[in-house]
Amino acid sequence: MSTDHTQATPTVQLRSDGPVDKAMLAYARTKIDAVVSRPGLPAVTGVVRIVRAGARHADHPWLATADLHVGGHQVTATAEEATGTEAVDRLQDRLRGQVDKAAHSWDDSHRAAAPPWRGGTRRSRREADPGSPAEGSRGA
């Protein structure tokens with residue numbers, strides 16, 4: 001049984017497979033939203049899946065996976081644990097680090113150019129200030 005628990009507001013979809021109750025999905029939504037809706041992050045989209053194996057003999061029947069796009073970077077994380085809350089908590093921890101890393105690399109590519117005294121490109125005075133009298137007043 002596969003269900004799709006998407007909401008209109010978040011850009012990260014939450015899906016489940018197997019016998020996952022609504023309380024677990026609400027807990028997962030809270031934890032995932034805490035990671036992806038922080039201020040200063042670029043647009044985050046993707047899918048988080050919570051899977052509970054039907055086999056009782058499995059040591060780690062809960063699996064939580066995330067496949068997200070943070071700005072232009074892909075972020076994936078997986079957690080496999082004995083309980084649903086442990087799997088979601090571990091997934092949150094792993095996602096937080098990767099989302100921070102992707103957000104910082106997004107920031108690096110969107111910074112202003114360095115000034116000339118720090119090795120940035122040097123523009124001529126005419127390009128910097130086209131109406132400047134310093135360019136046209138020499139030698140006249």
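The residue from V12, V70, V75, V44 that alone fulfils the side-chain contact (heavy atoms from CB on, under 4.5 Å) condition with L95 is V75.
For T30, the side chain to side chain contact (heavy atoms under 4.5 Å, CB included) criterion is met by no residue, not counting sequence neighbours. Qualifying side-chain hydrogen bond (donor to acceptor under 3.5 Å, both in side chains) partners for R96, counting only residues two or more places apart in sequence or in other chains: none.
Across all non-hydrogen atoms, the minimal contact from T78 to L91 is N-CD1, 4.0 Å. Contact detail for A64 and A87: the closest heavy-atom pair is CB-O, 4.0 Å. Pairing each heavy atom of A66 with each of V48, the nearest pair is CB-CG2, 3.9 Å.
Judged as a salt bridge (Lys or Arg N to Asp or Glu O under 4.0 Å), not a single pair has a partner in residues 60-72 (not counting sequence neighbours). For residues 69-92, every residue pair satisfying the salt bridge (Lys or Arg N to Asp or Glu O under 4.0 Å) rule, not counting sequence neighbours, is listed here: K31-D89, E81-R90. Screening residues 35-44 for side chain to side chain donor-acceptor pair (under 3.5 Å) gives R38-D100 as the qualifying pairs, with residues at least two apart or on separate chains.
To the nearest 0.5 Å, atom OG1 of residue T76 and atom CZ of residue R94 are 11.0 Å apart. Here the CZ-CG distance, from R52 to D17, works out to 13.5 Å after rounding to the nearest 0.5 Å. Taking NE2 of H69 as the start and OG1 of T11 as the end, the distance is 11.5 Å to the nearest 0.5 Å. The line from CD of Q98 to NE2 of H73 is 12.5 Å long, rounded to the nearest 0.5 Å.
Listed for the S16 side chain is no donor-acceptor partner under 3.5 Å among the backbone atoms of I50.
In this structure, the side chains of T85 and M24 come closer than 4.5 Å at one or more pairs of heavy atoms. Taking 4.5 Å as the limit, every side-chain heavy atom of W62 sits out of range of all side-chain heavy atoms of V88.
Members clustered with L63: V51, by chain and number, using a 4.5 Å side-chain heavy-atom cutoff among hydrophobic residues.
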